[in-house]
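Working notes, beginning with the structure itself.
Computed from a prediction, not measured in an experiment: that's the story for all the values here. Below, read A as the first sequence line, B as the second, and so on, with proteins coming before strands; counting in each chain starts at 1. Only heavy atoms go into these numbers, but all of them, side chains included; no hydrogens, no water, no symmetry mates.
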Amino acid sequence: MSDKTKKDYKQTLNLPQTAFPMRANLPGREPGWLETWEREGLYQKIRAASQGRPKFLLADGPPYANGKIHMGHAVNKVLKDIIVKFHTLDGRDAPYIPGWDCHGLPIEHQVEKKKGRFEDKLKFRQACRDYAMKQVEQQRVDFKRLGVLGDWERPYLTMLPRYEAEQLRALATIIANGHVYKGYKPVHWCLDCRSALAEAEVEYQDKRSPSIDVRFAVVDEAAFAAAWGEPAGEGALSVPIWTTTPWTLPGNQAVALHPDLEYSLVSCDVGNGAERMVIAADLVDRVMSRFGASDYRVLGNRAGSVLNGLLLQHPFYDRQVPLILGDHVTLDAGTGAVHTAPGHGQEDFAAGLANDLPLDNPVGANGCFLPGIELVAGLHVYKGNDRIIEILEEHKALLKLEPIEHSYPHCWRHKTPLIFRATPQWFVSMDEKGLRRTALDEIRQVAWTPDWAQQRIEAMVEGRPDWCISRQRAWGVPIAVFVHRETNELHPRTVEILEILAGRIGEEGPDTFAVWQAADAQELLGDDAEDYEKVTDTMDVWFDSGCMHHAASAIFDELESPADLYLEGSDQHRGWFQSSLLTSVAMNGHAPYRGVLTHGFAVDEKGRKMSKSVGNIVEPQKIANSLGADVLRLWVAAADYHGEMTVSDEILKRTADSYRRMRNTARFLLGNLHGYDPSENKVAPGDMLALDRWALARTAALQAEVLEAYRSYQFHLIYQKIHNFCVVDMGGFYLDIIKDRLYTMPADSVGRRSAQTAMYHIAESMVRWLAPILSFTAEEIWQALPAPADGAREESVLLSLWQDQPEVDPGDTDWSELIGVRDAVNRELERAREKGDIGSSLAAEVDLYCDGNLQEALAALGDELRFLLITSYARLHPAAGKPGDAVAADEGPEGLWISVSQSEHAKCGRCWHRREDVGSNADHESLCGRCADNVDGAGEARRWA
RNA sequence: AGCGCGAUAGCUCAAUGAAAGAGCACGCCCCUGAUAAGGGCGAGACGCUGGUUCGAUUCCGGCUCGCGCAACCA
């Protein structure tokens, strides 16, 4: 036999052939798909094809238009994209209109940083608008690069004039429904923002502050004696307070005691001779040791309530302030007597209301004491701290000064400490018109995933204060209302006027600000004009995005409220989920969503949040440009997003490995579908071989599982299942076995066409399972699949629906039993291999010894058992005849003994099986009988494998 | 204070009131007709601790650790 003949026979094989490359080169190839999709208008084609199908509406929470996208953005958009594409394949009309949050302070800051301050507000706003637009462009490119498909050329931007107009209408409705009021309240004030902040914009961080104890002298000892009764001891009488914000002392209007706590009158000497102080009984020792008083004596105890109303001397102003009572007083720190400045704290404010204290506001928007504030006018509050401490020393009122590390509210953008400052602000009332109650009712109507998210938002809505919706900033949507100069009441025609103003806002502008600036009070209010003034505040940006349910639905025909799903990171419980809920309930009395799904954050392998300072940032752009967007998408899908999602080099590498495995499985299927025309060569399920029918059944079962996992948004299960299918069912079993048939049987034989029919079906199914996740690769597979000669095929996988799974008669074969036998044989083959008896399994012959059902099941396959086991011979014998060296199958099938031997027969030059009949055909000396028949005869017949 | 979520092999994920599965990674072997592929074999895990139960990784309690929310803001 010459080499030449060998080669000739190789040409008679049907080896795989495909242009679908093994190497994905995703970074190189993905942009090409993006171009194609865009050029072909894929998104629009999907819309057209989905017309009339039941809708699935995902509302896109708008990312803030500033900075490059990070992993959190990527996770969020990819999850959204997976869901939208799933519903598309599932036969729904699922439009995706992305949005951006465009107003607000961070943009103002960036613009000021780059271009300095502007005198002209209109010009400044134009600069902000230009800047935001640039950010949108940049983020849009990055989002698209991840394969996120949507109406990217027609996004909703909160700065679109039309959006702003709808926002005004939303405000009008909320005002009409009676939820809005103007209040003078202490709010979190960011000195860098020069604006009030919403709860959601505050975060607590550790800060070092001066902590001081301050004497408040009792004004009238006689009055004290009368209240306390049986006064004892000698010396000056005072009530010391403790604070970490000395600068708030100019605003002090009272000292609060707890009505029910015990207070002690303590006689002591802290370096100024004998004196007496009132201190919470439980704190006496701590306070005394803090003051350095070793020798002190408790003269008596009284409940705080007995001192109610007693006057104290302000430590450095000519002001007498009362002792008041409040339940907020605790014994955690301090002296049990709480410095109360109604303008500088929430509880202080409440206490001030209850006790009719003056509400003064000595600090300006810039953080400096207002002119006219004695001793500290013009000083910045933090400089004020030091000055106040000096003043206290001068007045001998300072008992103790020490630095303290404590957690303190900070601006979440600037990371700088906030102050509490009383200012006039606009609020949405949580309770005035039952907003809180209705919102809580609505929360219970929504499907929250995971379900504990419901508790979480309930707790937040239950406990939150009124929503401060005003900001003292330029880059936002004006609160375009008139208030009465004296009464602060809204003009009675406010709602009507808002509608007039909204009507003046054009598609391309003017925007709300310009309209409001140009609005003429005389024209709008007539005779009332003189008594009313224009409000110059803008709206909290959370209000902007929060009313997306209204604004975007008004602008885009395809959107409506409520949406089926809001999907955001879990931080949005206090952000967008809540602002959307509140605006929607305030407007319409119902939630803007039927379902809410949350995901965790991306963290590094040590579970740490990604942060610039730690330097553990993984950039989505970098992954897309190195491993490919599909690998990034696969990582998102593979992670259990309910908790934190760990990213690391190792994890990404693993992800890329499993990507390759799935890709190669697809490649093998495609390669062996070469020359297969589904419209010509399809074999009816009833005519297919048993093993191929098994493959169809397995595919159908898996599809059911995959779809169920998609429906319940458990993408990590999908990834596991598909990957497992590729590795175990396909690579490790089915594909390995059918190679013989595919390669060696005549191209158009039933045996080969049956396998191809199954493979075609598997590929058609799998490409769809993968499409929502591996969008690029699925499209690549889709284009490589053989097109039926007789019919059109959708031009993109995303224009198709799930593959129909034919009912197949599984027959009597128990495949799990056969697989068990195969595994047992493999273990024996491995032992033979290790002994050096065999290499390839085709070098072996197998003798199986068993009885009963097992024997029958194996016997049914006849000679085809050897193809299942991929050995050259597989012979069956009664168990009784087993030789001494036959090995009992240790696990799996009962009553099976296996004997593996090295084949003595010649190897067929074509199929590589070692057979007795090699050379029996004179025309084909190097071939076995069936190969000779396959090459030159009618071809073999197969029924099983 | 607290509340919630989580803890399964090196990694990513399963399942289960009764011998805990998979893939990747790892070790060894084979193949060279899926070849920057493929096949086989192997080793490897229920955070700790009580209780309920005939039996607990699974149900309940406590602890530890991680994460989130909340709190601390005088």
Side-chain angles (χ1 to χ4, degrees), chain A residues 10 13-16 18 22-23 188 202 204 206-207 209 211 241-245 248 252 255-256 326 328-330 332-341 344-348 351 406-409 417-418 420 450 452-453 455-457 459-460 463 570-571 573-574 600-601 603 605-609 635 638-640 642-644 646 648 650-651 653-658 660-661 664-665 667-672 714 716-717 719-721 723-724 726-728 731-733 735-736 739-740 742-744 823 826-831 833-834 836 838-843 870 910-912:
Chain A
K10 183 160 177 174
L13 295 170
N14 311 294
L15 294 178
T18 178
M22 184 154 83
R23 294 269 289 159
H188 286 289
V202 175
Y204 285 80
D206 279 342
K207 176 182 183 295
S209 300
S211 102
I241 60 96
W242 176 83
T243 181
T244 56
T245 50
T248 61
N252 176 279
V255 170
H328 63 284
V329 177
T330 66
D332 301 343
T335 60
V338 175
H339 151 57
T340 301
H344 296 306
Q346 208 94 263
E347 284 172 337
D348 293 15
H406 64 156
S407 112
Y408 189 84
L418 302 175
F420 257 106
W452 49 259
Q455 288 175 41
R456 183 159 162 198
I457 194 154
M460 287 179 155
S570 55
D571 58 334
H573 282 100
R574 70 167 177 177
F601 296 104
V603 298
E605 70 274 17
K606 290 179 185 148
R608 295 173 305 189
K609 270 190 190 173
W635 167 74
D640 181 353
H642 291 116
E644 19 178 58
T646 316
S648 67
E650 187 193 2
I651 291 169
K653 188 174 171 296
R654 294 289 138 73
T655 310
D657 286 344
S658 26
R660 283 210 297 279
R661 184 59 199 239
N664 269 326
T665 302
R667 180 167 185 267
F668 183 85
L669 295 174
L670 293 169
N672 284 291
Q714 296 188 278
H716 61 289
L717 297 186
Y719 156 78
Q720 297 274 341
K721 282 169 192 289
H723 188 248
N724 196 265
C726 288
V727 177
V728 180
F733 181 65
L735 299 180
D736 207 23
K739 273 190 234 175
D740 179 85
L742 290 167
Y743 297 172
T744 70
D823 291 342
N826 271 337
R827 281 189 287 274
E828 283 314 305
L829 288 171
E830 188 60 27
R831 291 172 56 154
R833 188 138 49 216
E834 264 155 18
I838 60 166
S840 157
S841 60
L842 284 177
I870 319 188
R910 184 165 175 278
C911 73
W912 294 347

Item to check | G47(B) to U57(B) separation - P atoms, rounded to the nearest Å | outcome: 10 Å

Next on the checklist: Suppose you measure atom C1' in A25(B) against the same atom in A9(B); what distance do you get, rounded to whole Å?
Outcome noted: 11 Å

Item to check | Nearest listed nucleotide, side chain of His723(A), among C24(B), G40(B), U12(B) | outcome: C24(B)

Checklist entry - How far does the C1' atom of C46(B) sit from the matching atom of A56(B), given to the nearest Å? => result 11 Å

Checklist entry - Of the nucleotides A34(B), G40(B), U32(B), which has the atom closest to the Trp912(A) side chain? => result U32(B)

Item to check | Whether over 12 other heavy atoms sit under 6.0 Å from Arg831(A) CZ | outcome: no

Item to check | Residue pair Asn672(A), Asn14(A): steps toward the side chain to side chain contact (heavy atoms under 4.5 Å, CB included) verdict | outcome: CA-CA 8 Å; Asn672(A) 284 291; Asn14(A) 311 294; over 6 Å; no

Checklist entry - Atom CG of Leu717(A) and atom P of C13(B): how far apart are they, to the nearest Å? => result 10 Å

Checklist entry - Given C41(B), G33(B), C11(B), which nucleotide is nearest the side-chain atoms of Glu650(A)? => result C11(B)

Checklist entry - Distance only, no hydrogens: is a donor on one side chain within 3.5 Å (strictly under) of an acceptor on the other, for Ser211(A) and Trp242(A)? => result yes

Checklist entry - In terms of side-chain heavy atoms of Arg827(A), which of C5(B), C41(B), C73(B) is nearest? => result C41(B)

Item to check | Nearest-angstrom distance, P atom, A43(B) to G2(B) | outcome: 47 Å

Checklist outcome for this item: Checking U35(B), C11(B), G40(B) against the side chain of Arg667(A) (C-beta onward), the nearest is U35(B)

Checklist entry - Do you know which of Arg654(A), Arg661(A), Arg660(A) makes side chain to side chain donor-acceptor pair (under 3.5 Å) with Asp657(A)? => result Arg660(A)

Checklist entry - Heavy-atom distance under 4.5 Å between the side chains of Val338(A) and Val255(A), does that happen here? => result no

Item to check | Separation of the C1' atoms in C11(B) and U52(B), to the nearest angstrom | outcome: 36 Å

Checklist entry - Has Tyr719(A) got its ring stacked on the base of G23(B), with centres under 5.5 Å and planes less than 30° apart? => result no

Item to check | Residue Arg833(A), side-chain atoms from C-beta onward, closest of C30(B), C13(B), C24(B) | outcome: C30(B)

Next on the checklist: Could you work out, with side-chain hydrogen bond (donor to acceptor under 3.5 Å, both in side chains) as the rule, every residue matching His642(A), not counting sequence neighbours?
Outcome noted: Asp640(A)

Next on the checklist: Measuring only the C1' atom in each nucleotide, how far is C72(B) from A14(B)? A whole number of Å is fine.
Outcome noted: 41 Å

Checklist outcome for this item: Among U12(B), G23(B), A14(B), the one nearest any side-chain atom of Val727(A) is G23(B)

Checklist entry - If you measure from the C1' atom in G44(B) to the same atom in U8(B), how many Å do you get, rounded? => result 13 Å

Checklist outcome for this item: Ranking A14(B), G23(B), G38(B) by distance to the side chain of Lys739(A), first place goes to G38(B)

Checklist outcome for this item: Contacts of Glu834(A) meeting salt bridge (charged side-chain N to carboxylate O under 4.0 Å, His left out) (sequence neighbours excluded), chain-then-number -> none

Next on the checklist: I'd like to check the salt bridge (charged side-chain N to carboxylate O under 4.0 Å, His left out) partners of Asp571(A); sequence neighbours left out, ordered by chain and number.
Outcome noted: none

Item to check | Annotated protein contacts, base or backbone, on nucleotides 59-70 of chain B with a non-hydrogen cut-off under 4.0 Å, one of B, S, - each | outcome: --------SSSS

Checklist outcome for this item: Applying side-chain hydrogen bond (donor to acceptor under 3.5 Å, both in side chains) to Glu644(A) and not counting sequence neighbours gives none

Next on the checklist: Any base atoms under 4.0 Å from Val728(A), or only sugar-phosphate, or nothing? Heavy atoms, all strands.
Outcome noted: sugar-phosphate

Item to check | Nearest-Å distance once atom C1' is located in both U64(B) and G10(B) | outcome: 22 Å

Checklist outcome for this item: The nucleotide from A37(B), G23(B), A34(B) with an atom nearest the side chain of Phe668(A) is A34(B)

Checklist entry - For the pair made of CD1 in Ile457(A) and C1' in C5(B), what is the distance, rounded to whole Å? => result 17 Å

Item to check | Pairing annotation in dot-bracket form, given for RNA chain B with Watson-Crick or G-U pairs under 3.5 Å and | for cross-strand partners | outcome: .((((((..((((.......)))).(((((.......)))))....(((((.......))))))))))).....

Checklist entry - Would a 4.5 Å heavy-atom cut-off, applied to side chains only, mark Pro16(A) and Tyr743(A) as touching? => result yes

Checklist entry - Side-chain N or O of Arg661(A) less than 4.0 angstrom from OP1 or OP2 on U12(B)? => result no

Next on the checklist: Assess whether a salt bridge exists between Arg833(A) and Glu830(A), defined as any Lys/Arg side-chain N lying under 4.0 Å from an Asp/Glu carboxylate O.
Outcome noted: yes

Checklist entry - To the side chain of Arg654(A), which of U12(B), C24(B), G39(B) is closest? => result C24(B)

Item to check | Atom-to-atom span, CG of Asp640(A) to C1' of C11(B) - whole angstrom | outcome: 15 Å

